Amino acid sequence: MAASSEYGGTDTNVIPSPYKPSSLLPIARHRQALLYLVEKYPITIVVGQTGSGKTTQIPQYLHQAGWTGDGKIIACTQPRRVAATTVAARVAEEMGCRLGQEVGYSIRFEDMTSSHTVIKYLTDGLLLREILIDPLLSRYSVIMVDEAHERSLSTDVLLGILKKIRKRRKDLRIIISSATLQAEDFVHFFVDGDEYEGAKALGMADMQDVRIIQGKEDEKRVLAKMNYMGQELARVISLEGRMFPVDILYLEDPTDDYVEKAVQTVFDIHLREGDGDILIFLSGREEIETCISAIHDRMSALHPRTPKLIPLPLYAGLSTDQQMAVFEPADPPTGRKVIVSTNIAEASVTIDGVVYVIDSGFVKIRAYNPHTGVETLTATAISKASATQRAGRAGRTRPGKCYRLYTEEAYQGLRETSVPEVQRSNLAPVILQLKALGIDNIVRFDFLTNPPAELVSRGLELLYSLGALDDYARLTKPLGYRLAELPVNPALGKILLNSAKFGCVDQVLSIAAMITSQPVYVSHDESTLAHPQARRKFIAQEGDHLTLLNIFTAYTSPSHGARSAQWCHSHYLNARSLAKAVSVRAQLKRYLDKFSLPGPKGEEKDFLEKVSQEERIRRCIASGLFANAARMQPDGTFLGVGGEVRMWAHPSSVLFDRRVDWVVFGEVVETGRKVFIKDLTVVIKDWLVEYAPGFYQIKGGGHTL
DNA sequence: GAGCACTGC
């Protein structure tokens, strides 16, 4: 076959040593050195490849070395919930204790810790919330920020706050764990600018001070330089991983159809290479489905005695059952699994038995446009760091191969790392959180990477329009502080806080819980036609918010859904999301109870008694989403206030094929060539002016309707 | 007129 000869230049990542018991993990050799660094320096940067054991071992070493004396705790933060729970379980087992005793975890809705807990794994988002209650994190002796190289929004904010906390807590130790050479950014960040420049000016004369460094020669030099620069404050330690070598193969000529090329490569591997499952990285569901049906089509041309290919999709929108299929042994057992996945398999989900990786080189990235307020979801070239991570998925159980569906030249042209989230997100929630922590000057906040000024000013404007900030950009009391406390986006928070005034707290709690627990509907499959039928009885003419309320009410009603997964299944609803909505609702209710919001009084009350419950809810929604108003045009598209972008009702909306006038929407996303608005509710134009007089002015200034 | 990368509080 010709295709395999198209793969040219190879490059082997040699990462040493196969599986070893935990006492023989590569990290065990560095135990003393690591403890020495933590003792001596406030900040230690751990460069650890996959499989080095850093996440499970370092907290245990620290515990054994006495860092949990005086009732202090070691925290290890993770960007994802599953990681926090599974790692905690593993460490509890290694330490021979019950999970939740000495070793525990804490994630939203699940606090598996006790007064005996000394090692605590938690999501970084949750630790950020803890800072609101305990600003100096005084319970903790050591905070290890794991997977910092992923640069999630919460990790970045956490690092900035930790830098501040460190100045007031000399005893606190911070460990930052990161993949390879990005460690330099972290040293640079924690060592003040002047110190860094001064050290750089001195050059690299003093090299004797560098030790405990393993790994490739070039890496040694970079790490040595960083150690020198961060002398008094931060140290870097490098740990080798426990992975098998992976051969990297590139295309000799670029392809304009990587899905087709992926399919060809699958068959080449199947016919020419040894055993082992195949993992394909594509950008989204549509590509995955195209790829899977192409594999099915071409399988029939294979010789009947050839072992079967078993293509399996993997993306977040699938139900738990569908996702679990990729972990089950191949059926028939002689078959070869081909897992066709989105980026979810890059870091969130690990599948053993994969020996071959096929990498399209693309990922869908969300980016927020501060000028239009529109989020875009676009397929984008991955970074070199992602390419390495994807390739590594082939070397977990034995030596593997990675087929990159792009040329080596294209690889060289990739960015080193992806654009951090803080540079492409709506920053309103971050600003709110920082202000609640007393960090008022956002522009001067020490971010690892500064967000563009436009993102900051758009975030400030958004908060100002909601009344969360005053004319001096200070958090308002109580509104701003309450919005910061609520674990929902600021506009939704405002709806919740207004709900008492509109006399619809119970309904709005359910709606808010449903909105944050999407996706509510299961993704389409062959039985597409059955879906609208099964869901029709929930549809509210007033729009998506009231429809979600109907679904929630039916789901929780003992005589209907009775919170059963089976009921969800028969109505094409996502059981996981609905179960989550029940928890979210309870949590949000606790906040509203605590705030003890006043109900309507006087004229307000008299007026509300005259309008229907549906209208009260819609008015309440309009009072938070007023900035997201749009009017349907004769051609059926929507135009936002003061906007020129044509927008379509998203096909998931119950207003998708309906004719309406004014609506407010919860979200606007651009995919492909269209801008879609989601979570729509029909409103009356006058309500907008009534509830946001500062935002909408009838004459002069503001937005005119 | 017809579509949904991934996390997290």
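Letters go in sequence order (proteins before strands), and every chain restarts at 1. These numbers were taken from a predicted model, which means no experiment stands behind them.
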(request) Using a cut-off of strictly less than 4.0 Å, decide whether Thr123(A) has a side-chain nitrogen or oxygen near OP1 or OP2 of dC9(B). (result) yes
(message) For Thr380(A), is there any backbone N or O sitting under 3.5 Å from a side-chain donor or acceptor partner on Thr378(A)?
(response) no
(request) Please state how far atom CZ in Phe281(A) lies from atom P in dA5(B), giving the value in whole angstrom units. (result) 16 Å
(message) Does Phe656(A) reach a base, just sugar-phosphate, or nothing at all? Heavy atoms under 4.0 Å.
(response) base
(request) Can you tell me the distance, in whole Å, between the CZ atom of Arg659(A) and the C1' atom of dG1(B)? (result) 11 Å
(request) Describe the nucleic acid contact of Arg80(A) in one word from base, sugar-phosphate, nothing, applying a heavy-atom distance below 4.0 Å. (result) sugar-phosphate
(request) Round to a whole Å and report the spacing from CD of Gln518(A) to P of dT7(B). (result) 15 Å
(message) What is the separation between atom CG on Leu377(A) and atom C1' on dG3(B), rounded to the nearest whole Å?
(response) 11 Å
(message) Less than 4.0 angstrom between a side-chain N/O of Thr342(A) and OP1 or OP2 of dC6(B), yes or no?
(response) yes
(request) Would you check if the side chain of Arg393(A) reaches a backbone N or O of Ala345(A) as a donor-acceptor pair within less than 3.5 Å? (result) yes
(request) For Ile107(A), answer base if it contacts any base atom (sugar-phosphate contacts may also be present), sugar-phosphate if it contacts only those atoms, and nothing otherwise; contact means non-hydrogen atoms under 4.0 Å. (result) sugar-phosphate
(request) Could you tell me the separation between the CD atom of Glu286(A) and the P atom of dA2(B), rounded to a whole number of Å? (result) 12 Å
(request) Grab the CD-C1' distance between Glu110(A) and dC9(B) for me, whole Å please. (result) 14 Å
(request) Describe, in one word, how the ring planes of Phe595(A) and Tyr591(A) are oriented to each other, choosing from parallel (under 30°), tilted (30 to 60°) and perpendicular (over 60°). (result) tilted
(request) Please state how far atom CZ in Arg151(A) lies from atom C1' in dC6(B), giving the value in whole angstrom units. (result) 17 Å
(request) Between Asn489(A) and Val363(A), name the one whose nearest nucleotide on DNA chain B is closer to the 5' end. (result) Val363(A)
(request) Report, as yes or no, whether the 6.0 Å neighbourhood of atom NZ on Lys384(A) holds more than 12 heavy atoms from other residues, nucleotides or ligands. (result) yes
(message) Between P on dC6(B) and CD1 on Ile344(A), what's the gap in Å once rounded to a whole number?
(response) 6 Å
(request) Verify whether one side chain among Arg458(A) and Asn426(A) offers a donor that lies under 3.5 Å from an acceptor in the other. (result) no
(request) Hey, which sits more toward the 5' end of DNA chain B by its nearest nucleotide, Arg81(A) or Ser652(A)? (result) Ser652(A)
(request) Respond yes when some side-chain nitrogen or oxygen of Lys674(A) is under 4.0 Å from OP1 or OP2 of dA2(B), and no when none is. (result) yes
(message) Of the listed nucleotides (dC9(B), dG3(B), dC6(B)), which one gets closest to any side-chain atom of Pro487(A)?
(response) dC9(B)
